[in-house]
A.B. asks: 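Take this structure, written in structure tokens, and hold onto it; I'll ask about it next.
What's counted below: heavy atoms across the whole structure, side chains too, no hydrogens, waters or symmetry copies. By convention in this document, chain letters (A, B, ...) are assigned in the order of the sequence lines, proteins followed by strands, and residues within each chain are numbered from 1.
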Amino acid sequence: MWTWSRTGSSLVPTEAVRNATGTLHPFMSVRVRYAPSPTGSPHVGNIRDALFKHYFAKHHGGVNILRIEDTDRTRYIPGVEEEIVDSLNWLGIEFQEGFGVGGDHGPYRQSERKEAGIYAREIQKLLESGHAYKAFDTSEELAEMREFQQINKQPIGYYGGVWRDATPAMVEQAEREGKPMVIRLRIPRNDTIVIHDAIRGRIEWDSNTVDDPVLIKSDGMPTYHFAAMVDDHLMGITHIMRGEEWISSAPKHAVLFDAFGWERPVFVHCPVINGKDGKKLSKRHGDTKCLDYRAAGYLPRALKNFIALIGWAPGGDRELMTDAEIAEAFDLDGLQPAPGVFDLEKLRWMNGWYIRSLELESLRSEVAAFVERGEWREYFGRPTDDPELLKKNQATLAGLETLALGLSGDREYAGAAIALEQERVATLADFGEATAFFFQDEPPMDEKAVAKWLTVPHARDLFESLISFLEGPAPSGPGADGHDGACPSRGVKVEECEAFIRGYGEKMGLEKMGPVVHPVRVALTGKTVGPGLFELMSLLGPSRMVRRLRRLL
RNA sequence: GGCCCGGUCGUCUAGUGGUUAGGAUGCCGCCCUUUCAAGGCGGAGGUCGCGGGUUCAAGUCCCGUCCGGGCUACCA
């Protein structure tokens, strides 16, 4: 049966409706909220939370709300709000309402809501109905209580010391004495508290194992328990989606909704993302900050696609999906109960796939934007204890500096170099090292490569022939890309390079071109790996090639 | 200690009583090829945490157990 109740300015379905499947009546608009607290830059776990809500709201044509939960003054870090917005914008996570967007349920920052008297007004209702009570315990008393419970192997927590059942006279006296005071929620005793989680189904607690949570702190600020639930109700939130670490607080929140006489939203406790060791994601597991992935050269669409697939699956074999496809497929039934592990290797593969799928023009602008943003300087320049990683980072850094220089010079040439390496990179940062040789007058030579291919008997003759071919009459005018720094009038086409190499091989009576191709590649690039030789030669152009060949003679 | 959640290849996962337990990544091999990639093909990798049931039949249902994780703040 579909019945409705009006709460605030939003329609909320009744308990019976929501408990059944966690799905909503088609007329009911989904409203979810992403509510970070500005205590640190968003990490991948936070952002995954935001992403799920983004897709869920999008799937149902609902509303995603951004709310800042800054009720903990001691942990507030200035500037983090900007990083939150930056992260969200980078990934293209949209909000139809909230902080920085506006809407009818503001303000959307909890400290401002506190100033507006919202929590004071709401707590008054609970005090009057007897669902909340004032407690004057000192922190020393509370510590003592816990110690006692510990020793006596009792459940630890505030189950109502003297204050839960204090007489009005006691309370009055404590207030007169100006004792520090908190307001706690009165959890009913000898009862069973049941919630219906959309992923796990029914979860129940003996109410005697649920302690009385603080609702208002002694500094007058609301706790998360209070502020988040009050705001969720006032903002008409239909689904409380959050990490599974909140399950143990859920009975408190359920009781709070009941105490107000409010309809309970659907609880959706999403699986979290863990590190390789199965523990909460932390610095030990590598990069946790969302924006680190931008600095490291990952594409937002790859990160989104990858992260969406941890803890959620569309069913079947689909993996590579566009944003629209994910939104289309995203629903509660695809959510997994078990936590997932962040696998960087798979992210790298997926990022490479998205880089390869980029049109040439977007590829060039993505790389240029990445290089110009310059976040990689700080990222790859970070100190590390791992000597191998340090070496890798330094190489990446050097390559990127070279690319940056190249990009600031002949942009078209740089763009062509980037295009030639598209298939060989996993991240945007990889383009630095991959394309460096295009911009270096004398690219560093790999020792092994030199030992193997520059010592062949025909090397000298090969290079001399190449030089005379390049300095000889132009077979066809400007090269493939019309570029040749020193001799703008003369380039070489890809086919001409191929013809020369093959011709030389045939002269030697070779079947396979390896003995010709490899020495030339090493001479020109210093490496044994890279793009197709003929393409690379054409791009380099005669004068660059001649210069590089001459130094070897 | 108490309460709660979880458990399918290393990792992400498909799977809702009958499948040779499928896909992806990573790893190995082959093909393609001027190298490296990419791509194509193939392989190794799972006693579905374990033990009991229920059933003709269990990864799928029930019970127990083990292991892992979370919470146990005037933090979120």
A.B. asks: When you measure from the side chain of A/Glu319, which nucleotide among B/G7, B/C12, B/A76 comes out closest?
C.D. replies: B/C12
A.B. asks: Is there side-chain contact between A/Val268 and A/Phe56, with at least one heavy-atom pair below 4.5 Å?
C.D. replies: no
A.B. asks: Just checking A/Leu309: base, sugar-phosphate only, or nothing, at a heavy-atom cut-off of under 4.0 Å?
C.D. replies: sugar-phosphate
A.B. asks: Could you state the CG-C1' distance from A/Asp206 to B/C3, rounded to the nearest angstrom?
C.D. replies: 10 Å
A.B. asks: Determine the contact category for A/Glu244: base if any of its heavy atoms lies under 4.0 Å from a base atom, sugar-phosphate if only primed atoms, P, OP1 or OP2 are that close, otherwise nothing.
C.D. replies: sugar-phosphate
A.B. asks: Checking all strands, does A/Phe534 fall into the base, sugar-phosphate, or nothing category for heavy-atom contacts under 4.0 angstrom?
C.D. replies: base
A.B. asks: Looking for any heavy atom pair under 4.0 Å, which part of the strands does A/Asp137 touch: base, sugar-phosphate only, or nothing?
C.D. replies: base
A.B. asks: Under 4.0 Å between a Lys/Arg side-chain N and an Asp/Glu carboxylate O for A/Arg113 and A/Glu122?
C.D. replies: no
A.B. asks: If we call it a pair only when both distances are under 3.5 Å in a Watson-Crick or G-U wobble match, what pairs with B/U65?
C.D. replies: B/G49
A.B. asks: What contact category does A/Lys276 fall into here, base, sugar-phosphate, or nothing, at under 4.0 angstrom with non-hydrogen atoms?
C.D. replies: nothing
A.B. asks: For atom C1', what is the distance between B/C3 and B/C62, given to the nearest Å?
C.D. replies: 24 Å
A.B. asks: What contact category does A/Thr39 fall into here, base, sugar-phosphate, or nothing, at under 4.0 angstrom with non-hydrogen atoms?
C.D. replies: nothing
A.B. asks: Nearest-nucleotide wise, let me know which of A/Gly315 and A/Glu204 is further upstream toward the 5' end of RNA chain B.
C.D. replies: A/Glu204
A.B. asks: Describe the nucleic acid contact of A/Arg356 in one word from base, sugar-phosphate, nothing, applying a heavy-atom distance below 4.0 Å.
C.D. replies: sugar-phosphate
A.B. asks: Quick one: does A/Asn152's side chain have a donor or acceptor within less than 3.5 Å of a partner on A/Phe148's backbone?
C.D. replies: yes
A.B. asks: Under a 3.5 Å cut-off for both distances, is B/C56 Watson-Crick or wobble paired, and to whom?
C.D. replies: B/G18
A.B. asks: Could you check whether the rings of A/Trp246 and A/Tyr224 sit parallel, tilted or perpendicular, using 30° and 60° as the cut-offs?
C.D. replies: parallel
A.B. asks: Whether A/Arg242 contacts B/A76 is assessed here as follows: a side-chain N or O lying under 4.0 Å from the phosphate OP1 or OP2. Is that the case?
C.D. replies: no
A.B. asks: When you compare B/G17 with B/U60, how far apart are their C1' atoms, in angstrom units rounded to a whole number?
C.D. replies: 7 Å
A.B. asks: Does A/Lys448 have a side-chain nitrogen or oxygen under 4.0 Å from the phosphate oxygens OP1 or OP2 of B/U35?
C.D. replies: no
A.B. asks: Looking at B/U25, I'd like to know if its phosphate oxygens (OP1 or OP2) sit under 4.0 Å from a side-chain N or O belonging to A/Trp349.
C.D. replies: yes
A.B. asks: Tell me the interatomic distance from A/Glu345, atom CD, to B/C9, atom P, rounded to whole angstroms.
C.D. replies: 20 Å
A.B. asks: Taking atom C1' in both B/C66 and B/U54, what distance in whole Å separates the two?
C.D. replies: 23 Å
A.B. asks: Which base sits across from B/U35 as a Watson-Crick or G-U pair, both distances under 3.5 Å?
C.D. replies: none
A.B. asks: How far, in whole Å, is B/U55 from B/G18 if one measures between their C1' atoms?
C.D. replies: 12 Å
A.B. asks: Taking the P atom of each, how far is B/C5 from B/U20, in whole Å?
C.D. replies: 35 Å
A.B. asks: Give the intermediate values and the outcome of ring-ring contact (aromatic ring centres under 6.0 Å, His included) for residues A/Phe330 and A/Trp312.
C.D. replies: CA-CA 8 Å; A/Phe330 195 92; A/Trp312 175 79; 5.0 Å; yes
A.B. asks: Regarding A/Arg146, tell me which of base, sugar-phosphate or nothing describes its non-hydrogen contacts under 4.0 Å with the strands shown.
C.D. replies: sugar-phosphate
A.B. asks: For B/U13 versus B/G7, give the span between their C1' atoms, rounded off to a whole number of Å.
C.D. replies: 14 Å
A.B. asks: Mind calculating the distance between CD1 (A/Ile273) and C1' (B/C5) to the nearest angstrom?
C.D. replies: 17 Å
A.B. asks: Please give the nucleotide sitting opposite B/C74 as a Watson-Crick or G-U wobble pair, both distances under 3.5 Å, or none.
C.D. replies: none
A.B. asks: Kindly indicate whether the side chain of A/Ser248 and the base of B/C71 share any N or O donor-acceptor pair separated by less than 3.5 Å?
C.D. replies: no
A.B. asks: Counting side-chain heavy atoms from C-beta on, which of B/A24, B/C74, B/U34 comes nearest to A/Arg502?
C.D. replies: B/U34
A.B. asks: Regarding A/Glu245, tell me which of base, sugar-phosphate or nothing describes its non-hydrogen contacts under 4.0 Å with the strands shown.
C.D. replies: sugar-phosphate
A.B. asks: Contact class for A/Ile203 (heavy atom, under 4.0 Å): base, sugar-phosphate, or nothing?
C.D. replies: sugar-phosphate
A.B. asks: Counting the atoms with a prime plus P, OP1 and OP2 as sugar-phosphate, which does A/Val214 contact under 4.0 Å by heavy atoms, base, sugar-phosphate, or nothing?
C.D. replies: sugar-phosphate
A.B. asks: Using whole Å, report how far CG of A/Asn305 lies from C1' of B/A24.
C.D. replies: 12 Å
A.B. asks: When you measure from the side chain of A/Gln422 to the backbone of A/Ile355, do you find a donor-acceptor pair of N or O atoms at a distance under 3.5 Å?
C.D. replies: yes
A.B. asks: Provide the distance between the two C1' atoms, one in B/G46 and one in B/G1, to the nearest whole Å.
C.D. replies: 36 Å
A.B. asks: Quick check: do A/Ile65 and A/Ile237 have side-chain heavy atoms less than 4.5 Å from each other?
C.D. replies: yes
A.B. asks: Test your reading of the model: is there a side-chain donor-acceptor pair from A/Arg200 to the backbone of A/His269, 3.5 Å cut-off?
C.D. replies: yes
A.B. asks: Measure the distance from NZ on A/Lys114 to C1' on B/C74 and round it to the nearest whole Å.
C.D. replies: 14 Å
A.B. asks: Specify the residue among A/Leu533 and A/Arg200 whose closest nucleotide of RNA chain B lies further upstream toward the 5′ end.
C.D. replies: A/Arg200
A.B. asks: Mind calculating the distance between NE2 (A/His225) and P (B/C74) to the nearest angstrom?
C.D. replies: 9 Å
A.B. asks: Ignoring hydrogens and angles, are the base of B/C36 and the side chain of A/Arg424 linked by a donor-acceptor pair under 3.5 Å?
C.D. replies: yes
A.B. asks: Answer with base, sugar-phosphate or nothing: what part of the nucleic acid does A/Gln336 contact at a heavy-atom distance below 4.0 Å?
C.D. replies: sugar-phosphate
A.B. asks: Report yes if at least one side-chain N or O of A/Lys279 is closer than 4.0 Å to OP1 or OP2 of B/G70; otherwise report no.
C.D. replies: no
A.B. asks: For a quick check of understanding: with a heavy-atom distance under 4.0 Å over all strands, which category does A/Arg73 fall into, base, sugar-phosphate or nothing?
C.D. replies: nothing
A.B. asks: Heavy atoms under 4.0 Å, any strand shown: does A/Arg184 hit a base, just sugar-phosphate, or nothing?
C.D. replies: sugar-phosphate
A.B. asks: Write down the distance between CD (A/Glu423) and P (B/U33), rounded to a whole number of angstrom.
C.D. replies: 16 Å
A.B. asks: Given atom CD1 of A/Ile240 and atom P of B/A76, what is their separation to the nearest angstrom?
C.D. replies: 16 Å
A.B. asks: Determine the Euclidean distance between corresponding P atoms of B/G42 and B/A24; express it in Å to zero decimal places.
C.D. replies: 10 Å
A.B. asks: Are A/Phe342 and A/Phe306 close enough that their ring centres sit under 6.0 Å apart?
C.D. replies: yes
